[in-house]
Visitor: 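Right, I'll just put the structure down here and ask away after.
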2 protein chains.
Amino acid sequence: MAPRSNETKQRILDAAEKLFAKEGFAGVTVRQIMREAGADVALAYYHFDSKRDLFDAVLMRRADHMNDVRHAALDAVEQRHPDDAPSVQEIIEAFTQPLLKLLAEDHDTWRDYFALIAQINNSPQWGGELMTRFFDPLVRRFMDAIRRAMPDAADVDLFWCYNFLSGALTLTFAETGRIDNLSQGLCQSKDMDAISDRLPRFIAAGFRHICNPT
Amino acid sequence: MAPRSNETKQRILDAAEKLFAKEGFAGVTVRQIMREAGADVALAYYHFDSKRDLFDAVLMRRADHMNDVRHAALDAVEQRHPDDAPSVQEIIEAFTQPLLKLLAEDHDTWRDYFALIAQINNSPQWGGELMTRFFDPLVRRFMDAIRRAMPDAADVDLFWCYNFLSGALTLTFAETGRIDNLSQGLCQSKDMDAISDRLPRFIAAGFRHICNPT
DNA sequence: GTCTATAGCTTGATAGAC
DNA sequence: GTCTATCAAGCTATAGAC
């Protein structure tokens, strides 16, 4: 593959990521993507089989790295606790903070991707299948870790709590601007420090309250 | 307006609600909607100005009732506490339980509408504007009530906690089937009793943990 | 690898008969 | 109110020159 080819391919993926994130799969045409990428429509079909194939490629491009940084964060937590179990909050932080850190450090690169994930997660059409395929292996490892931290918790409680975590996390990623409106500017969707300080503690408190047998 | 007309109009709205919920605004054609409704394409444009006008009509049709039942639930809580402030959990329950109750009692009517709201809430394209327009007046009243229950809480903390609540609540409504997959059938997206038992307690614990100054 | 050109279809929307 | 018929525009995707 010529070096020029891969460059164009990445430009197409960048353009597709940006537009799919804003308008969803059906809300964007291949023509719009290629106009944004500054290349001809036919090139989309040279580099990808179809519009749907391009969509999958956009998702896949960053999924591995996303899973890697989260696995690494959980590795680090477990190495800090060779004998005892880590706290629920430490585990939740290993799940959320790597993503918030990516966003904080390279906002332009990750914002659109995370907004896309948020839409997929909440879509009956895509959510069940795609989230399961891309992220459930990682999620299972986190669930195992939490189970060890709370050995008396019922599985059904743990899974529901994960559902609430997932919703809170992805809406926060979507950066829709609603919280900016509601708070009249007091909160800003893109303020990752503010989220970092609150989201993992909020979620860990919920887990403890629901899953800890009294 | 003839009685037959309104009947057809409702059938169009039902069909549009169902399809928009599954595939989003752009993912559905007017032709598909009218096929589902069992009427001719031209009738869509007799009853509504445009596809977008039909979309807004779908949203508007149930928004008032949704807001009414939540206002009524908060009224009831406040009447139970003429002198002291209600607990955070009571207020959260007045926010969430009326919707879960609608879903539990009349699942077929409300499932698609709530799935649609979930997608809009997580869409950068629609979320900021539409959620603000339809629901923020009600949300402000709930924020005021919570502020009275936690007089020492900082506003910025309260708004972020509302954001987490909103994400958890709407993903739960979306019924994407992901939690069914992840839990291998242990949890079911449509099990409103399971959610009722856990969601408000989870959220209230988060609010208390973040907003209560130690 | 990148372009021109175009096939074959579907789209949102409307005009006009009944 | 409801239908038939239709339009201009835009769509995904491809064939073939360079």
Side-chain angles (χ1 to χ4, degrees), chain A residues 1-61 112 116 119-120 123 125-126 129-130, chain B residues 1-61 112 116 119-120 123 125-126 129-130:
Chain A
M1 195 176 340
R4 177 118 181 80
S5 169
N6 193 51
E7 195 184 297
T8 303
K9 196 168 173 176
Q10 294 303 319
R11 272 214 332 278
I12 297 174
L13 286 166
D14 289 340
E17 185 173 81
K18 177 176 166 182
L19 293 175
F20 283 144
K22 217 177 292 176
E23 326 252 1
F25 176 75
V28 181
T29 71
V30 178
R31 283 172 156 77
Q32 285 175 286
I33 293 169
M34 298 310 288
R35 207 178 306 139
E36 173 83 27
D40 192 273
V41 199
L43 272 178
Y45 295 96
Y46 172 78
H47 288 288
F48 305 95
D49 291 343
S50 63
K51 183 185 175 184
R52 175 59 202 264
D53 181 47
L54 170 56
F55 184 72
D56 287 346
V58 167
L59 288 181
M60 220 118 51
R61 178 168 65 151
D112 293 331
L116 185 55
Q119 289 198 66
I120 288 171
S123 149
Q125 191 191 13
W126 312 97
E129 189 212 323
L130 291 182
Chain B
M1 198 177 340
R4 179 122 182 80
S5 169
N6 194 51
E7 195 184 296
T8 303
K9 195 168 176 178
Q10 295 302 320
R11 273 213 333 278
I12 298 173
L13 286 167
D14 288 341
E17 185 174 79
K18 177 176 167 182
L19 293 175
F20 284 144
K22 216 176 292 176
E23 326 251 2
F25 176 74
V28 180
T29 70
V30 177
R31 282 171 160 78
Q32 284 175 286
I33 293 168
M34 299 309 289
R35 205 178 308 138
E36 173 82 27
D40 192 273
V41 200
L43 272 178
Y45 296 96
Y46 172 78
H47 288 288
F48 305 95
D49 291 343
S50 63
K51 184 185 175 185
R52 174 60 202 265
D53 181 49
L54 169 56
F55 184 73
D56 287 346
V58 167
L59 288 181
M60 221 120 49
R61 178 168 64 151
D112 294 331
L116 185 55
Q119 290 200 65
I120 289 171
S123 149
Q125 191 190 13
W126 311 98
E129 189 211 324
L130 290 182

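First the proteins, then the strands, lettered A, B, ... as listed; each starts at 1.
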Visitor: Choose from C:dT2, D:dG1, C:dA13 the nucleotide whose nearest atom is closest to any side-chain atom of B:L43.
Guide: D:dG1
Visitor: Let me spell it out: for each of A:T29 and A:D49, pick the nucleotide of DNA chain D with the closest heavy atom. Which residue's pick is nearer the 5' end?
Guide: A:T29
Visitor: Whole Å only: how far is the CZ atom of A:F48 from the P atom of D:dT14?
Guide: 15 Å
Visitor: Would you kindly compare B:D40 and A:V30 by the position of their nearest DNA chain D nucleotide and give the one closer to the 5′ end?
Guide: B:D40
Visitor: In whole angstrom, give the distance that lies between atom CZ of B:R52 and atom P of C:dA13.
Guide: 12 Å
Visitor: Tell me: CZ of A:R35 to P of C:dT2, nearest whole Å?
Guide: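 The distance from CZ of A:R35 to P of C:dT2 comes to 19 Å, rounded to the nearest Å.
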Visitor: Once rounded to the nearest 0.5 Å, what's the spacing between atom CZ of B:F55 and atom CD1 of B:I33?
Guide: 10.0 Å
Visitor: Pick from A:E7, A:M34, A:E36: which one makes a side chain to side chain contact (heavy atoms under 4.5 Å, CB included) with A:I12?
Guide: A:M34
Visitor: Salt bridge check, B:K18 against B:D14: does any charged N sit closer than 4.0 Å to a carboxylate O?
Guide: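 Looking at B:D14 and B:K18, the cut-off is not met.
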Visitor: Between A:E23 (side chain) and B:Q125 (backbone), is there a donor-acceptor pair under 3.5 Å?
Guide: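 Pair absent, no side-chain N/O of A:E23 close to backbone of B:Q125.
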Visitor: Where the side chain of A:K51 is concerned, which of C:dT4, D:dA13, C:dG12 is the nearest nucleotide?
Guide: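 Out of C:dT4, D:dA13, C:dG12, the nucleotide with an atom closest to A:K51's side chain is D:dA13.
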Visitor: Can you check the A:I33 CD1 to D:dG10 C1' distance for me, whole Å?
Guide: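 Checked: the CD1 to C1' distance equals 15 Å.
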Visitor: Hey, mind stepping through A:V30 and A:Y45 against side-chain contact (heavy atoms from CB on, under 4.5 Å) and telling me if it holds?
Guide: CA-CA 9 Å; A:V30 178; A:Y45 295 96; 3.4 Å; yes
Visitor: Using whole Å, what does the distance between atom P of nucleotide D:dC11 and atom CG of A:L19 come to?
Guide: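 Those two atoms, CG and P, are 12 Å apart.
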Visitor: Nearest-Å distance, CG (A:N6) to P (C:dT2)?
Guide: 11 Å
Visitor: Rounded to the Å, how far apart are B:R31 CZ and D:dA5 P?
Guide: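 Distance check: B:R31 CZ to D:dA5 P gives 14 Å.
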Visitor: Which nucleotide sits closest to the side chain of B:Y46: C:dA15, D:dA13, D:dT2?
Guide: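 Of the options given, the side chain of B:Y46 lies nearest D:dT2.
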Visitor: Side chain of A:S50, heavy atoms from C-beta onward: which of D:dA15, C:dA13, D:dA13 has the nearest atom to it?
Guide: D:dA13
Visitor: Side chain of A:Y45, heavy atoms from C-beta onward: which of C:dA13, D:dA13, D:dG1 has the nearest atom to it?
Guide: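 The closest nucleotide is D:dA13.
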Visitor: I need the CZ-P distance between A:F25 and D:dC11, as an integer number of Å.
Guide: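 My rounded result for the distance is 14 Å.
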